[in-house]
Amino acid sequence: MDSSGAGIGLYPLHRSKTIHLVRHAQGFHNVAGEKDHDAYLSYDYLDATLTPLGWEQVDNLRKHVRETGLFKKIELVITSPLRRTMQTAAGAFGGGEYVNGIDVPPLMVENAGNSGRPAISSLNCPPFLANEFCREQMGVHPCDKRSSISEQKSLFPAIDFSLVETDEDTLWREDVRETKEDVAARGLKFMNWLLTRKEKEIVVVSHSSFLFNTLNQFGNDCHPLVKSEFSTHFANCELRTVVILDRGMIAPGSDPF
């Protein structure tokens with residue numbers, strides 16, 4: 001019998017976190033871009049929002065996380081500060097329908113992004129935190145340029161934007177697209193930052209290129225079938241759960257940002 005432990009990892013539980021990764025639901029830019037890739041260059045899709053089908057996907061995910069009991073385990077929801085991710089996060093992991101007169105700001109206001117959706121309560125749900133480090137590959141495509149934080153706060157009052165340093169989007173450039181290597185490096189910084197958080201079960205709502213390039217850095221020491229389980233592109237509103245381990249003493253008193 002092979003007693004070498006090859007193919008097995010054994011780590012202290014307290015050095016691990018469970019991360020539920022979600023790609024945003026279908027956006028209007030997705031529909032247009034699938035028909036004509038040049039549509040990604042159009043300012044018609046600036047900080048793109050969700051389609052009606054995208055909202056159906058959100059409703060299905062919301063139902064799933066509650067029926068499986070996952071919702072009760074979540075301690076924090078981290079979202080990219082773009083509208084399609086915040087709509088997805090609020091719709092899937094927020095509270096119930098907001099009731100006027102309650103002295104608590106809504107997670108999402110009524111008709112945010114011309115969605116036609118009712119306001120979403122920030123009660124009876126985890127806290128929400130926006131982080132620029134998990135936003136989509138930046139530059140050239142207007143759909144990946146965020147609106148000002150002042151505008152975002154007016155639509156998503158209960159999301160914490162304190163980690164976003166500038167009101168206007170100073171990271172997106174019209175003439176330069178962020179390289180995949182830079183996205184991957186940003187993703188690794190983000191994963192290291194997650195290890196510094198006190199929460200043990202976290203949702204991250206992000207984007208296709210960010211998730212793919214981040215996860216593709218991991219699993220090279222695994223069987224190809226194992227690596228393929230997390231290093232393929234996400235479908236719209238797909239949820240995948242991974243466990244991250246602090247093998248390098250990242251968490252105690254460190255801040256990779």
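Note that the coordinates shown come from a computational prediction; the quantities given were computed from them, not determined experimentally. For this chain, numbers begin at 1 and follow the sequence in order.
Other residues, nucleotides and ligands place no more than 12 heavy atoms under 6.0 Å from the NZ atom of Lys180. In this structure, Asp103 places its CG atom where only 12 or fewer heavy-atom neighbours from other residues, nucleotides or ligands lie under 6.0 Å away. The number of heavy-atom neighbours closer than 6.0 Å to CG of Asn124, taken from other residues, nucleotides and ligands shown, is 12 or below.
Grouped by direct or indirect side-chain proximity (heavy atoms under 4.5 Å, Ile/Leu/Val/Met/Phe/Trp/Tyr only), Phe28 sits with Tyr45. Hydrophobic cluster membership of Leu41, counting Ile, Leu, Val, Met, Phe, Trp and Tyr whose side-chain heavy atoms lie under 4.5 Å apart directly or via other members: Val140. Annotation for Val243: hydrophobic cluster partners, listed by chain and number, are Tyr11, Leu245 (ILVMFWY side-chain heavy atoms under 4.5 Å, direct or chained).
Rounding to the nearest 0.5 Å places SG of Cys143 at 9.0 Å from CG of Leu46. Asn216 CG to Leu211 CG: the interatomic distance, rounded to the nearest 0.5 Å, is 12.0 Å. Atom CD1 of Ile74 and atom SG of Cys125 lie 10.0 Å apart (nearest 0.5 Å). Distance check: Glu199 CD to Ile78 CD1 gives 7.0 Å after rounding to the nearest 0.5 Å. Note that CG of Leu61 and OG1 of Thr88 are 8.5 Å apart. Values are rounded to the nearest 0.5 Å. Summarising the geometry, atom CE belonging to Met191 is positioned 12.0 Å from atom CG belonging to Asp246; distances are rounded to the nearest 0.5 Å.
At least one donor-acceptor pair closer than 3.5 Å links the side chain of Thr196 to the backbone N or O of Trp193. For the pair Lys200 (side chain) and Thr18 (backbone), a donor-acceptor distance under 3.5 Å is absent. Without hydrogens or angle criteria, Ser206 side chain to Cys134 main chain gives a donor-acceptor distance under 3.5 Å.
Linking ILVMFWY residues whenever their side-chain heavy atoms come closer than 4.5 Å, directly or via other members, places Ile244 and Phe210 in the same cluster. Leu82 and Val22 are assigned to two separate hydrophobic clusters, defined by single-linkage of ILVMFWY side chains at heavy-atom distances under 4.5 Å. The hydrophobic cluster containing Ile202 also contains Phe133, counting ILVMFWY residues as joined when their side-chain heavy atoms lie under 4.5 angstrom apart, directly or transitively. Hydrophobic clustering places Val205 together with Ile149 (ILVMFWY residues linked when any side-chain heavy atoms are closer than 4.5 Å, directly or through intermediates). Hydrophobic clustering places Leu155 together with Val58 (ILVMFWY residues linked when any side-chain heavy atoms are closer than 4.5 Å, directly or through intermediates).
Gln152 and Asp47 are linked by a side-chain donor-acceptor pair at a separation below 3.5 angstrom, with hydrogens and angles left out of the test.
Put simply, the side chain of Asp160 does not reach to within 4.5 Å of the side chain of Pro127, judged on heavy atoms. Within the 4.5 Å cutoff, the side chain of Arg23 has heavy atoms near those of the Asn236 side chain. Leu239 places a side-chain heavy atom less than 4.5 Å from the side chain of Leu70. The side-chain heavy atoms of Gln26 and Gln57, taken from C-beta on, include a pair separated by under 4.5 Å. Within the 4.5 Å cutoff, no side-chain heavy atoms of Phe156 are placed close to those of Ile120. Trp55 places a side-chain heavy atom less than 4.5 Å from the side chain of Gln87. The shortest distance between side-chain heavy atoms of Leu129 and Arg197 falls below 4.5 Å. In this structure the side chain of Ser122 never reaches within 4.5 angstrom of the side chain of Tyr98, judged on heavy atoms.
Legend: salt bridge (charged side-chain N to carboxylate O under 4.0 Å, His left out) pairs involving residues 128-157, not counting sequence neighbours, sorted by first then second residue: Arg83-Glu151, Arg84-Asp144, Glu132-Arg135, Glu132-Arg146, Arg135-Asp169, Asp144-Arg177. Within the structure, side-chain hydrogen bond (donor to acceptor under 3.5 Å, both in side chains) contacts touching residues 59-79 (residues at least two apart or in different chains) are Asp59-Arg117. The list of salt bridge (charged side-chain N to carboxylate O under 4.0 Å, His left out) pairs with a residue in residues 215-244, not counting sequence neighbours, reads Glu238-Arg240. The list of side-chain hydrogen bond (donor to acceptor under 3.5 Å, both in side chains) pairs with a residue in residues 106-115, not counting sequence neighbours, is empty.
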query: Going through the checks in order, is the side chain to side chain contact (heavy atoms under 4.5 Å, CB included) test met by Val203 and Val65?
result: CA-CA 11 Å; Val203 167; Val65 299; over 6 Å; no
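Residues satisfying the salt bridge (Lys or Arg N to Asp or Glu O under 4.0 Å) criterion with Glu174, sequence neighbours excluded, are absent altogether. For Arg173, there are no side chain to side chain donor-acceptor pair (under 3.5 Å) partners two or more places apart in sequence or in a different chain. A search for ring pair (Phe, Tyr, Trp, His ring centres under 6.0 Å) contacts involving Tyr40 returns His37, His141, not counting sequence neighbours. Residues that satisfy the side chain to side chain donor-acceptor pair (under 3.5 Å) test with Glu56, not counting sequence neighbours, are absent from this structure. For the ring pair (Phe, Tyr, Trp, His ring centres under 6.0 Å) test, no residue two or more places apart in sequence or in another chain qualifies with Phe93.
Across all their heavy atoms, Phe212 and Thr232 have their closest contact at CD1-C, 3.9 Å. Across Ala130 and Phe161, no two heavy atoms sit closer than the pair CB-CD2, 3.7 Å. In this structure, Ala25 and Gly54 approach most closely via the heavy-atom pair CB-O, 3.2 Å. When all heavy atoms of Ala89 and Val77 are compared, the closest pair comes out as CB-CG1, 4.1 Å. Scanning all heavy atoms of the two residues, the minimum distance from Ala184 to Asn213 falls at CB-O, 3.6 Å.
None of Glu178, Gln137, His233 except one satisfies the side chain to side chain donor-acceptor pair (under 3.5 Å) rule with Ser209; the exception is Gln137.
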